[in-house]
Amino acid sequence: MPSTPEPQSAPQMSVVHMGLLPALRAMKRDFLSFQKGLFYRHGDAIRLKLKLVDLLFLNTPEMAHHVLVRNAKNYGKNTRGYDNLRQVLGNGLVTSQGDFWMRQRRIALPAFHHKRLAIMADKMVVAANDFAQRWSTQVGDEGMRLEMDEELARLTLRIICETMLSVDSEDGSMETVGHSVEVLLDQVLAETVGLALPRFIATPGRKRFKQALGELDDIVLGIIEERRKDGEQDHGDLLSMFMAVQDEETGERMNDVQLRDEIMTMFLAGHETTATALTWTLYLLARHPAERRLLIKELEETLNGEPVTFADLKRLPRLERVLKESMRLFPPVPNIARMAEDDDTIDGLSIKKGDYVIVSPNVLHRHPRYWDNPESFDSDRFLPERIKQVPRLAYIPFSAGQRMCIGNRFAMMEASLILATILPRLTFDLVPGHPIAADGKVTLRPRFGMPMRVRNRR
């Protein structure tokens, strides 16, 4: 890929006036359709003027590069959405900024080293195999309907718990974790895209939020306390790595609050987004049986019936391409929001201090200027000779620049190992007549779930 996107002719800023309440209602009802409608009607650069704030939608790789890479220091996370997330994540890597974020990233980075990932791969395969075995027994010879979005969320939660915390996945507290995460995300969403009352007003949603956050805090802080008591031995998990690693510059280690924030971040960022990516991948493979046959052929010929290993992944290029193409069409995080800290210009376009700036993977990944037949599913578009023709920031499923997701390799490895384990054993088909729609307010969940007809292949 090119190191920087090729600039196009200077875009014009379209100015769109809209009432605050109609805009919020439209965004809450279907943010993706609202955003795409703006793009198709008004072009690559749009200033949506509301009563209290301007929203800027910037839809070219060059503009994305300016915001996320070239002048990233001017585009911070002081947005409404991130403010709501901080209630849950504190100052974790997703929400923190400035020098503190830089220090935390330096501390956390060794936890995602290639050698550490290889150690975690075995736990991922065992978990995926356990789920595949349960599904295989459950569906029998005739097959049956399973809610695959929910099943995959349970699987990725188990993997996060075992690789991060060495927690028994059969522990009843893990059901509490899954439920709590769901409640917290729903409330963050409601307060981000709606007219939220002040936080000191105890609405039913706020009461559920407070209870769920307290339950999750109790579990996470209890695990940290127990780990401190056992002499902080290395359990081979991410928590051990976080507790042991020292900042190379200061020699500092993470305290309990920092550990809590990073674990919460991994719960939400690592569990929700990977399950979402896997759900849409199974959906796309079900809709494109020829692609599915080619992928299964690669898996069977490469693995020869043996469990997949970390070393096998480099021998499964089609698997990698299928995942990348799935995340092109359905990026787990469809929008990246920032706030301009000072006045700026991008290709002659005026950016004002306080503007909300939205860079959208969901739009960039389907932009007809950068992708041939952008709405079609074609994993071969990620062949080296084809993808090098695409501007680099036309594809940003994990964001870009310094704030690129630190767990991107972890997520790709996890999703790859899960698919390589379940696809040779089971067939996943869509349930006829069930409505499918993407809900992109925070992560790109299937709005009506993803029930699938699951049957054994052998």
Side-chain angles (χ1 to χ4, degrees), residues 1-16 18 27 31-49 54-77 79 324-325 327-376 378 381-382 386-405 438 440 444:
M1 292 184 183
S3 59
T4 59
E6 293 294 330
Q8 304 292 324
S9 58
Q12 299 296 313
M13 180 77 78
S14 299
V15 179
V16 180
M18 194 170 184
M27 287 187 277
F31 186 83
L32 297 182
S33 294
F34 175 78
Q35 183 181 38
K36 283 184 179 179
L38 288 175
F39 167 62
Y40 288 125
R41 288 193 300 272
H42 302 288
D44 289 336
I46 305 156
R47 179 179 291 276
L48 180 62
K49 296 189 72 67
D54 285 7
L55 300 183
L56 269 64
F57 296 89
L58 305 179
N59 299 316
T60 71
E62 174 63 18
M63 290 188 282
H65 185 266
H66 185 94
V67 172
L68 301 176
V69 182
R70 184 184 300 127
N71 198 22
K73 65 180 183 297
N74 188 53
Y75 296 92
K77 293 192 169 185
T79 67
K324 286 182 175 180
E325 175 69 345
M327 289 190 292
R328 183 188 69 83
L329 288 167
F330 295 99
V333 178
N335 291 289
I336 301 167
R338 298 287 188 266
M339 178 179 281
E341 305 290 343
D342 208 343
D343 293 347
D344 194 13
T345 59
I346 304 177
D347 285 344
L349 301 178
S350 175
I351 312 295
K352 298 184 297 185
K353 179 179 179 179
D355 281 343
Y356 277 65
V357 175
I358 298 175
V359 173
S360 174
N362 190 63
V363 173
L364 286 168
H365 291 188
R366 295 175 183 244
H367 199 306
R369 187 182 301 139
Y370 313 112
W371 303 95
D372 295 330
N373 300 315
E375 300 297 325
S376 67
D378 176 13
R381 73 172 78 244
F382 283 92
R386 290 180 61 182
I387 195 60
K388 70 181 181 181
Q389 305 300 323
V390 178
R392 185 177 180 183
L393 269 72
Y395 183 71
I396 48 173
F398 297 105
S399 189
Q402 283 189 323
R403 298 304 298 247
M404 179 183 284
C405 174
L444 203 63

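The first residue of the sequence shown is numbered 1, and numbering continues consecutively from there.
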Check: Does the side chain of Y395 reach to within under 4.5 Å of the side chain of I387, using non-hydrogen atoms?
Finding: no

Margin query: Return the CG to CG distance between D355 and L48, rounded to the nearest 0.5 Å.
Written below: 11.0 Å

Item checked: Shortest non-hydrogen contact between M13 and S350, atoms and distance -> CE-O, 4.1 Å

Next item on the list: Answer yes when D372 and R386 have at least one side-chain N-carboxylate O distance shorter than 4.0 Å, and no when they do not.
Entry: no

Next item on the list: May I ask you to decide if S360's main-chain N or O and N335's side chain share a donor-acceptor pair within less than 3.5 Å?
Entry: no

Next item on the list: Quick one: do D344 and V67 satisfy side chain to side chain contact (heavy atoms under 4.5 Å, CB included)? Show the steps, please.
Entry: CA-CA 10 Å; D344 194 13; V67 172; over 6 Å; no

Checklist line | Greater than 12 external heavy atoms within 6.0 Å of E341's CD | finding: yes

Check: Any side-chain donor paired with an acceptor under 3.5 Å for N373 and D378?
Finding: no

Check: In terms of side-chain heavy atoms, does R369 have a donor or acceptor partner in T60 at a distance below 3.5 Å?
Finding: no

Notebook entry, point to check: In Å and rounded to the nearest 0.5 Å, what is the CZ to CD1 distance from R47 to I351?
Noted result: 6.0 Å

Next item on the list: For residues N74 and D343, report the shortest heavy-atom separation together with the two atoms involved.
Entry: ND2-O, 4.4 Å

Next item on the list: Could you walk me through whether F330 and H365 pass side chain to side chain contact (heavy atoms under 4.5 Å, CB included), step by step?
Entry: CA-CA 9 Å; F330 295 99; H365 291 188; over 6 Å; no

Margin query: For a side chain to side chain contact (heavy atoms under 4.5 Å, CB included) check, start with the C-alpha distance between F57 and H42, then their side-chain angles and the critical distance, and finish with the verdict.
Written below: CA-CA 10 Å; F57 296 89; H42 302 288; over 6 Å; no

Item checked: P368 and E375, any side-chain heavy atoms less than 4.5 Å apart -> no

Margin query: Keeping R366 on the side-chain end and W371 on the backbone end, is there a donor-acceptor pair under 3.5 Å?
Written below: no

Check: Distance from F31 atom CZ to L444 atom CG, nearest 0.5 Å?
Finding: 12.0 Å

Note to self: Once salt bridge (Lys or Arg N to Asp or Glu O under 4.0 Å) is applied, do any residues pair with K352, and if so which ones, sequence neighbours excluded?
What the structure shows: D54

Check: Who pairs with R338 by salt bridge (Lys or Arg N to Asp or Glu O under 4.0 Å), at least two apart in sequence or on another chain?
Finding: none

Notebook entry, point to check: Looking only at side chains, do Q35 and N362 share a donor and an acceptor under 3.5 Å apart?
Noted result: no

Next item on the list: For side-chain hydrogen bond (donor to acceptor under 3.5 Å, both in side chains), just list the numbers for S376 and R381, CA-CA rounded to whole Å, side-chain angles, deciding distance to a tenth of an Å, and then say yes or no.
Entry: CA-CA 10 Å; S376 67; R381 73 172 78 244; 3.3 Å; yes

Check: Nearest 0.5 Å, what's the CG-CG distance between D44 and L349?
Finding: 10.0 Å

Next item on the list: Establish, yes or no, whether the cationic atom of R41 lies under 6.0 Å from the six-membered ring centre of F34 and within 45° of the ring axis.
Entry: no

Check: Is there a donor in the side chain of H66 and an acceptor in the side chain of D347, or the other way round, less than 3.5 Å apart?
Finding: no

Check: Closest heavy-atom contact between I46 and L38?
Finding: CD1-O, 3.4 Å

Note to self: L393 vs V359, test: side chain to side chain contact (heavy atoms under 4.5 Å, CB included). Steps then yes/no.
What the structure shows: CA-CA 10 Å; L393 269 72; V359 173; over 6 Å; no

Check: Are the side chains of V333 and P361 in touch, meaning some heavy atoms are under 4.5 Å apart?
Finding: no

Notebook entry, point to check: Could you state the interatomic distance from CD1 (I358) to CG (L56), rounded to the nearest 0.5 Å?
Noted result: 9.0 Å

Next item on the list: Of all the heavy-atom pairs spanning P334 and P332, show the shortest one and how long it is.
Entry: CD-O, 3.5 Å

